Amino acid sequence: MVYVEFLATAPWNRPRLVKEPTYKGAGRVLIGTAVSLSIEEELRGRIGLHSLPGAEDFYRDAIGMADLGVDKDGPHKGLRYFELSESQISGFLTTQH
């Protein structure tokens, strides 16, 4: 699995912050790049990441990642952990616009 250490889009691309984002879908493109890398590395598109609280809905609802709960140990203690499994890849790829 490819672990996404850090992912961020510029404030002017966030629908919650601006009325009309400059580049719509920047977060999806970045996740798609991680999925592509996972496929290239023969990891079948699987990715995982820890989410900041403000992005949890994006990963769960917009991307369709599985919410595996709050990490209780390690450097990401207190953050929710999400994974996009091999079975979820097709759903992610077919919802891309």
Side-chain angles (χ1 to χ4, degrees):
M1 160 179 318
V2 166
Y3 181 80
V4 177
E5 184 67 37
F6 185 81
L7 185 143
T9 60
W12 51 85
N13 293 326
R14 297 181 187 172
R16 291 183 197 171
L17 300 178
V18 295
K19 190 173 186 174
E20 293 184 35
T22 303
Y23 298 106
K24 186 176 179 182
R28 285 181 176 274
V29 170
L30 293 170
I31 291 292
T33 301
V35 169
S36 293
L37 175 63
S38 178
I39 291 169
E40 286 177 23
E41 296 293 324
E42 298 182 5
L43 300 170
R44 299 185 298 269
R46 297 173 299 146
I47 65 169
L49 56 84
H50 285 85
S51 175
L52 294 175
E56 292 171 356
D57 291 342
F58 172 73
Y59 295 120
R60 184 184 310 106
D61 303 332
I63 301 299
M65 297 178 82
D67 181 347
L68 300 179
V70 175
D71 194 342
K72 298 190 187 314
D73 298 309
H76 303 291
K77 183 178 180 179
L79 297 179
R80 296 191 86 75
Y81 180 70
F82 290 86
E83 283 188 1
L84 191 64
S85 68
E86 187 176 358
S87 63
Q88 294 166 312
I89 298 301
S90 62
F92 170 75
L93 295 174
T94 58
T95 61
Q96 298 306 294
H97 300 36

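Keep in mind it's a predicted model, so treat the numbers as computed, not measured.
The closest side-chain heavy-atom distance from Arg44 to Ile39 is not below 4.5 Å. Counting heavy atoms from C-beta on, the side chains of His76 and Asp71 come closer than 4.5 Å. Contact of the Leu49 side chain with the Leu7 side chain is not registered, since no non-hydrogen atoms from C-beta on lie closer than 4.5 Å.
Contact between Phe58 and Gly27 at its shortest, heavy atoms only, is CZ-C, 3.8 Å. Of all the heavy atoms in Met65 and Leu84, the pair that sits closest is CE-N, 3.7 Å.
Going from atom CZ of Phe82 over to atom NE2 of His50 covers 10.0 Å, rounded to the nearest 0.5 Å. With values rounded to the nearest 0.5 angstrom, Leu30 atom CG is found 7.5 Å from Thr9 atom OG1.
For the pair Gln88 (side chain) and Gly64 (backbone), a donor-acceptor distance under 3.5 Å is present. The backbone N or O of Tyr23 lies less than 3.5 Å from a partner atom in the side chain of Asn13, making a donor-acceptor pair. Distance alone, capped at 3.5 Å, places no donor-acceptor pair between the Ser38 side chain and the Ala34 backbone. In this structure, Arg28 contributes its side chain and Gly25 its backbone to no donor-acceptor pair below 3.5 Å.
Clustering of Ile, Leu, Val, Met, Phe, Trp and Tyr by side-chain heavy atoms under 4.5 Å joins Leu68 with Met1, Tyr3, Tyr81. Annotation for Leu79: hydrophobic cluster partners, listed by chain and number, are Leu52 (ILVMFWY side-chain heavy atoms under 4.5 Å, direct or chained).
The existence of a salt bridge linking Arg46 and Glu86 is excluded, since no basic side-chain nitrogen approaches an acidic carboxylate oxygen closer than 4.0 Å. Checked for salt-bridge contact, Asp67 and Arg60 meet the test: a charged N lies under 4.0 Å from a carboxylate O.
Grouping the Ile, Leu, Val, Met, Phe, Trp and Tyr side chains by contacts below 4.5 angstrom, directly or via other members, places Val70 apart from Tyr59.
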